[in-house]
A.B. asks: 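First, the structure itself, so that you have it in front of you.
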Amino acid sequence: MTLALEEAAAAAHCGDVPVGAVLLDAAGQVIGRNHNRREQNHDPTAHAEMLVLREAADKHGGWRLLGTTLVVTLEPCAMCAGAMVLARIQRVVIGTPDPKSGAVVSLYQLTQDPRLNHQVEVVVGVCRDECAEQLKAFFRARRQARE
């Protein structure tokens, strides 16, 4: 989660919502790391999770990312949760839940839906306070800048 928090800080530095993600292979080696780049790339799909999945699939030479663990500072949205299922991610480790748009544990449970052909193991609350504070500080600074 420390690496994901570092990535999230990089997103904030670029003016994007501070969300960072890291993908680990079955041996625990980092095979992808990135942060939100929606503002930088002018791309609504440039979420940290999506970028990491693309990077790892490219390196791996295939879209099935079996045995991997995605570590992310904020609970993934519906797009990212769906991509995790499609990529066959084994586990997702989430820093803090997202009650407004989270699709893993908060609003929806896409990654555990038995109607889908794959389910993802979920761990929530790793470095919860640090992840939540990073987001709160970012939005607090944005509000202050507008005043």
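Atoms considered below: every heavy atom in the structure, side chains included; atoms not considered: hydrogens, waters and symmetry mates.
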A.B. asks: Met50 and Leu110: same hydrophobic cluster, using ILVMFWY side-chain contacts below 4.5 Å?
C.D. replies: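 Result: no, two separate clusters.
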
A.B. asks: Applying side chain to side chain contact (heavy atoms under 4.5 Å, CB included) to Thr69 and Leu23, what does each step give before you reach the verdict?
C.D. replies: CA-CA 6 Å; Thr69 298; Leu23 190 67; 5.8 Å; no

A.B. asks: How far apart are the C-alpha atoms of Thr45 and Arg54, what are their side-chain angles, what is the distance that settles it, and do they pass the side chain to side chain contact (heavy atoms under 4.5 Å, CB included) test?
C.D. replies: CA-CA 11 Å; Thr45 70; Arg54 288 178 190 142; 3.4 Å; yes

A.B. asks: Between His118 and Ile89, is there a donor-acceptor pair closer than 3.5 Å when you use the side chain of the first and the backbone of the second?
C.D. replies: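 Present.
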
A.B. asks: How close do Ser106 and Pro97 get, counting heavy atoms only, and between which atoms?
C.D. replies: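 For Ser106 and Pro97, the tightest heavy-atom pair comes out as OG-CB, 3.7 Å.
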
A.B. asks: Looking at His47, is its backbone amide N or carbonyl O close enough to the side chain of Asn36 to form a donor-acceptor pair, meaning the two atoms are under 3.5 Å apart?
C.D. replies: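 Checking the backbone N and O of His47 against the side chain of Asn36, no donor-acceptor pair under 3.5 Å is found.
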
A.B. asks: Just by distance, do the side chain of Glu39 and the backbone of Cys14 share a donor-acceptor pair under 3.5 Å?
C.D. replies: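 Pair absent, no side-chain N/O of Glu39 close to backbone of Cys14.
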
A.B. asks: Taking the side chain as every heavy atom from C-beta outward, state whether Val122 and Val105 have any pair of such atoms under 4.5 Å apart.
C.D. replies: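 Side chain of Val122 against side chain of Val105, heavy atoms only: contact under 4.5 Å found.
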
A.B. asks: Just wondering, do Val17 and Phe139 contact through their side chains at under 4.5 Å, heavy atoms?
C.D. replies: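 Of all side-chain heavy-atom pairs linking Val17 with Phe139, at least one is under 4.5 Å.
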
A.B. asks: Any Lys/Arg nitrogen of Arg128 or Glu133 sitting under 4.0 Å from an Asp/Glu carboxylate oxygen of the other?
C.D. replies: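 Answer for the salt bridge query: no.
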
A.B. asks: Hey, does Leu135 have a side-chain heavy atom less than 4.5 Å from the side chain of Leu74?
C.D. replies: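 Heavy-atom side-chain distance check passes, below 4.5 Å.
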
A.B. asks: Do the side chains of Met1 and Cys131 get nearer than 4.5 Å, heavy atoms only?
C.D. replies: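 A side-chain contact exists here, since the closest heavy-atom pair is under 4.5 Å.
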
A.B. asks: May I ask you to test the Leu3-Val71 pair for a side-chain heavy-atom distance under 4.5 Å?
C.D. replies: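 No; the side chains remain at least 4.5 Å from each other.
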
A.B. asks: So, are Arg33 and Glu6 salt-bridged, with charged N and O less than 4.0 Å apart?
C.D. replies: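 Looking at Arg33 and Glu6, the cut-off is met.
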
A.B. asks: Would you give the length of the straight line joining atom OG1 of Thr68 to atom CZ of Arg91, rounded to the nearest 0.5 angstrom?
C.D. replies: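 If I round to the nearest 0.5 Å, the distance is 9.5 Å.
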
A.B. asks: Less than 4.5 Å apart, side chain to side chain, heavy atoms only: is that true for Gln134 and Leu5?
C.D. replies: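 In short, these two side chains touch, coming nearer than 4.5 Å.
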
A.B. asks: Looking at Asp98 and Lys100, does any basic side-chain N land under 4.0 Å from a carboxylate oxygen?
C.D. replies: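 A salt bridge is absent here (no side-chain N lies under 4.0 Å from a carboxylate O).
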
A.B. asks: First locate atom OG of Ser101, then atom OH of Tyr108, and finally report the distance between them rounded to the nearest 0.5 Å.
C.D. replies: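 Spacing of OG (Ser101) from OH (Tyr108) equals 9.5 Å.
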
A.B. asks: Can you tell me how far apart CD (Gln109) and CG (Asp113) are? Round to the nearest 0.5 Å.
C.D. replies: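 Interatomic distance, Gln109 CD to Asp113 CG, rounded to 0.5 Å: 8.5 Å.
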
A.B. asks: If you group Ile, Leu, Val, Met, Phe, Trp and Tyr by side-chain heavy-atom gaps below 4.5 Å, do Val120 and Ile94 land in one group?
C.D. replies: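 Linked within one cluster.
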
A.B. asks: To the nearest 0.5 Å, what is the distance between OG1 (Thr73) and CD (Glu7)?
C.D. replies: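 Between Thr73 OG1 and Glu7 CD, I get 10.0 Å after rounding to 0.5 Å.
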
A.B. asks: How long is the straight-line distance from CZ of Arg37 back to CG of Asp16, given to the nearest 0.5 Å?
C.D. replies: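 It comes to 9.5 Å.
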
A.B. asks: Compare all side-chain heavy atoms of Arg38 with those of Asp43 and state whether any distance is below 4.5 angstrom.
C.D. replies: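 The answer is no; the side chains never approach within 4.5 Å.
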
A.B. asks: Check whether Arg88 reaches the backbone of Leu86 with its side chain - one donor and one acceptor, N or O, closer than 3.5 Å.
C.D. replies: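 Side chain of Arg88 to backbone of Leu86: a pair is present.
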
A.B. asks: Going hydrophobic residue to hydrophobic residue with side-chain gaps under 4.5 angstrom, can you get from Val124 over to Val104?
C.D. replies: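 Yes, because Val124 and Val104 connect within a single hydrophobic cluster, where side-chain heavy atoms sit under 4.5 Å apart.
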
A.B. asks: If you count heavy atoms of other groups shown closer than 6.0 angstrom to NZ of Lys59, is the number above 12?
C.D. replies: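 Yes, because the 6.0 Å sphere around NZ of Lys59 holds more than 12 heavy atoms from other groups.
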
A.B. asks: Could you pull out the closest heavy-atom pair between Ala48 and Asn34, with the gap in Å?
C.D. replies: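 Minimum heavy-atom separation between Ala48 and Asn34: CB-O, 3.9 Å.
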
A.B. asks: In Å and rounded to the nearest 0.5 Å, what is the CG to SG distance from Leu70 to Cys80?
C.D. replies: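 Between Leu70 CG and Cys80 SG, I get 8.5 Å after rounding to 0.5 Å.
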
A.B. asks: When you compare the side chain of Val92 with that of Met84, does any pair of heavy atoms fall below 4.5 Å?
C.D. replies: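 The answer is yes, as the side chains (C-beta and beyond) meet within the 4.5 Å cut-off.
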
